[in-house]
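Everything below concerns the one structure shown next.
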Amino acid sequence: MAATVEAPVPAEQDSARCGTEEENRGAEVEEKSQQQQQQTSSTGPAVPHSRLSKLPLARIKALMKTDPDVSLASQESVFIIAKATELFVEMIAKDALVYAQQGKRKTLQRKDLDNAIEAIDEFAFLEGTLD
Amino acid sequence: MAERPEDLNLPNAVITRIIKEALPDGVNVSKEARRAISQAASVFVLYATSCANNFAMKAKRKTLNAGDVLAAMEEMEFERFLEPLRDALEVYKKDQRGRKEVSEQKRRDKERKADSENDKSREEEEEEEEEEEEEEDEDEEEEGPAVGTR
């Protein structure tokens, strides 16, 4: 399967590079997850290693690094934030749906999001941040 | 290429997929709602990072680690995330260990191969002599062809 074929390539590149282990492995994961994204349609039922997170770790890491106070982030921490973001998206979508259903609608709309943000304590940090 | 928070969005296709999988069949999501959720997700990453970084700084560490993120989740009142996150982390760590072993094994194999190729040309003559001696000894003990240890 595609997953097993890919494995040797990043490993060789990894050993050839100098630099922090974290950065190397971060790059390795980035390459794989980018490849996975492109191959999504051809990938069979088996879940490739780096598909533990649906969101691309490279992008998450780049976002994290926009914070001037952040110097280094372990690969694990990037992964956990990616995973947490996934859970967050699931949660906010479901909470917003309640408001759509109250309005007898089957389509989630922007106002449902706004209602959820206003009503739910955990989403207070979002107030005033969305366009 | 300076990246600003506003320029970095999470891929729409992935966000859409996560949303669709979370909601029952037959439910649609408007484009504006999807965009807003994607934006919210980016804000979440930034907020979680900042929070986690505080824990790292408190512990006088320069590198953010998984524990900092978990502590941040609790601080942000997302305790419900803690268990699934811990589970996912275990799987991830196991996967990483496996991949590290694969790459280290490959590196070792490469080095071993390179070494043996270097030595071979230099010591070939000596080895042949040794092997012949060994063969003679082994023949006394066993019957059949002697096998070199190489």
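Within every chain, numbering begins at 1; the chains are lettered A, B, ... in the order of the sequence lines, protein sequences first and strands thereafter. Keep in mind that what you see is a predicted model, and the values were worked out from it rather than measured.
There is no path of hydrophobic side-chain contacts, each under 4.5 Å, that joins B:M57 to A:I81. Under the 4.5 Å side-chain heavy-atom criterion for Ile, Leu, Val, Met, Phe, Trp and Tyr, B:L82 and B:F55 are members of distinct hydrophobic clusters. Linking ILVMFWY residues whenever their side-chain heavy atoms come closer than 4.5 Å, directly or via other members, leaves A:Y99 and B:V29 in distinct clusters.
At a 4.5 Å heavy-atom cutoff, the contact between B:L23 and chain A is made by side-chain atoms alone. Of the atoms belonging to B:R35, it is side-chain heavy atoms, and not backbone ones, that fall under 4.5 Å from chain A. Interface remark: B:R34 contributes no atoms to any contact with chain A (heavy atom separation under 4.5 Å). Interface remark: B:F81 contributes backbone and side-chain atoms alike to the contact with chain A (heavy atom separation under 4.5 Å). Interface remark: B:N65 contributes backbone and side-chain atoms alike to the contact with chain A (heavy atom separation under 4.5 Å). When heavy atoms are compared at a cutoff of 4.5 Å, B:V91 approaches chain A by way of both its backbone and its side chain.
In terms of non-hydrogen atom pairs under 4.5 Å with chain A, the most contact-rich of B:V43, B:L64, B:I19 is B:L64. Across A:R105, A:R110, A:E86, the residue that shares the most heavy-atom pairs under 4.5 angstrom with chain B is A:R110.
For the pair B:V27 and A:T107, the minimum side-chain heavy-atom distance is 4.5 Å or more. Under the 4.5 Å side-chain criterion, counting only non-hydrogen atoms from C-beta, B:Q39 is in contact with A:D131. Contact of the B:N54 side chain with the A:D69 side chain is not registered, since no non-hydrogen atoms from C-beta on lie closer than 4.5 Å. Within the 4.5 Å cutoff, the side chain of A:K83 has no heavy atoms near those of the B:Y92 side chain.
Using modelled atom types and a 3.5 Å distance limit, the side chains of B:Q96 and A:Q75 yield a donor-acceptor pair.
The number of heavy-atom neighbours closer than 6.0 Å to CD of B:E83, taken from other residues, nucleotides and ligands shown, is 12 or below.
Ring geometry for B:F44 versus A:F88: interplanar angle under 30°, hence parallel rather than tilted (30 to 60°).
Of the charged side-chain nitrogens involved, at least one lies within less than 4.0 Å of a carboxylate oxygen, so that B:E21 and A:K54 count as a salt-bridged pair.
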